[in-house]
Amino acid sequence: MEIKPNNSEKVFADNILLVTKTDLKGNIIYANRNFLNIVGMSEKRLIGAPHNIIRHPDMPKIIFKYLWNSLEKPEEIHAYVKNICNDGSFYWVLANVTPSFENSNQGKKDKVIGYHSSRRAPSKAALEIIIPLYEKLLEAEKSGGIDASEKIMSTLLKEKGVLYDEFILSI
Ligand SMILES: Cc1cc2nc3c(=O)[nH]c(=O)nc-3n(C[C@H](O)[C@H](O)[C@H](O)COP(=O)(O)O)c2cc1C
């Protein structure tokens, strides 16, 4: 059943890490205690569920396209993500999502066996940039689909002369 979003925000301390691991399809195979607490779902409900179980309708599709494009390379990526909780409230994170390699030397030729994400509380300054940007991307997607939001992002990155991940880490 889909969760109905409301405007209540959950914030968490700077030293807290929210961690999940997934299989190659993005199904959750591990969630740490902090993640379970903030989402307000049981391990039983989350384990085996696709990660979009906590997808918030305010998230533009293009961000997840960047995410999966990087993971398939396989490379890590950073992203600001608004997630939904079981009670309809939301929380913002700065996520670092990386491929999990079969061997620990993280060589690109190693087999990817899944993915994992570590999330921290984002800075207020970054959210002041991200919130209006995501609103613009979402609006563009409503009329012009992901092509429209991709165009906005590529124009922005070109203007700044940076790659997506460089932009995210610079704000
Ligand atoms: C390790 C990992 C962590 C993810 N974390 C989130 C997350 O916190 N929130 C989210 O909405 N999607 C997350 N995703 C992306 C989802 O798999 C999915 O692509 C996204 O929710 C968009 O859903 P959709 O493809 O059904 O539109 C994560 C994916 C991976 C591989």
Side-chain angles (χ1 to χ4, degrees), residues 1-6 8-12 16-43 45-102 104 106 108 110-123 126-127 130-131 133-135 137-150 153 164-165 168-169:
M1 206 179 67
E2 207 155 293
I3 304 165
K4 200 167 169 273
N6 61 52
S8 158
E9 180 169 11
K10 283 190 184 161
V11 288
F12 56 99
I16 296 268
L17 266 187
L18 311 178
V19 181
T20 54
K21 295 183 188 174
T22 73
D23 63 15
L24 290 168
K25 290 183 178 156
N27 296 313
I28 300 170
I29 56 171
Y30 168 81
N32 76 346
R33 188 58 45 198
N34 293 328
F35 184 88
L36 295 170
N37 285 345
I38 196 158
V39 176
M41 288 182 194
S42 65
E43 219 167 16
R45 170 130 182 246
L46 275 174
I47 303 301
H51 221 310
N52 67 7
I53 190 171
I54 55 158
R55 186 193 200 290
H56 197 285
D58 289 350
M59 278 300 294
K61 285 193 175 72
I62 183 66
I63 304 304
F64 297 118
K65 186 176 173 185
Y66 279 122
L67 183 145
W68 283 104
N69 281 351
S70 287
L71 294 180
E72 278 159 15
K73 275 180 188 174
E75 283 172 9
E76 70 168 338
I77 186 166
H78 295 82
Y80 287 91
V81 184
K82 183 178 185 177
N83 277 328
I84 198 161
C85 306
N86 202 25
D87 62 3
S89 59
F90 68 89
Y91 63 96
W92 278 100
V93 294
L94 170 57
N96 169 241
V97 192
T98 78
S100 311
F101 294 94
E102 189 169 41
S104 54
Q106 307 254 317
K108 269 204 176 181
D110 283 347
K111 196 171 147 201
V112 176
I113 52 169
Y115 306 108
H116 60 266
S117 177
S118 305
R119 310 166 181 85
R120 285 186 181 282
S123 74
L127 287 187
I130 288 295
I131 291 171
L133 173 63
Y134 281 14
E135 280 171 3
L137 295 172
L138 201 66
E139 203 49 46
E141 286 178 3
K142 275 182 193 151
S143 48
I146 201 164
D147 289 348
S149 58
E150 192 153 29
M153 280 305 295
Y164 168 82
D165 225 44
I168 293 301
L169 293 175

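Residues take their numbers from the sequence shown, with the count starting at 1. In each ligand, atom 1 is the first atom listed, and ligand 1 is the first ligand listed.
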To which of Y91, Y115, W68, F64 does the heavy atom nearest atom 12 (N) of ligand 1 belong? F64
Between ligand 1 and S117, is the shortest N or O to N or O distance under 3.5 Å? no
Looking only at protein heavy atoms, which one is nearest to [atom], and what is the separation?
atom                    : result
atom 23 (O) of ligand 1 : N52 CB, 3.3 Å
atom 16 (C) of ligand 1 : H51 CB, 3.9 Å
atom 9 (N) of ligand 1  : N83 OD1, 2.7 Å

Does R119 come within less than 4.0 angstrom of ligand 1, counting non-hydrogen atoms of the residue? yes
For T98 and ligand 1, answer yes if some heavy atom of the residue is under 4.0 Å from a ligand atom, otherwise no. no
Answer yes or no: is there a side-chain heavy-atom contact under 4.5 Å between [X] and [Y]?
X    : Y    : result
V19  : N34  : no
I113 : L24  : no
R119 : L94  : no
W92  : I130 : yes

E75-S70 side chain donor-acceptor pair, cut-off 3.5 Å: no
Numbering the atoms of ligand 1 from 1, which are under 4.0 Å from a heavy atom of [X]?
X   : value
L71 : 31 (C)
V97 : 1 (C), 2 (C)
I54 : 7 (C), 8 (O), 9 (N)

K21 atom NZ, neighbour heavy-atom count above 12 within 6.0 Å: no
What verdict does the salt bridge (Lys or Arg N to Asp or Glu O under 4.0 Å) test give for K10 and D87, after you've listed the backbone C-alpha separation in whole Å, the side-chain angles of each residue and the deciding distance to 0.1 Å? CA-CA 11 Å; K10 283 190 184 161; D87 62 3; 3.7 Å; yes
Looking at atom 26 (O) of ligand 1, would you say a protein heavy atom lies below 4.0 Å from it? yes
According to the side-chain hydrogen bond (donor to acceptor under 3.5 Å, both in side chains) rule, which pairs have a member within residues 53-62, sequence neighbours left out? D58-K82
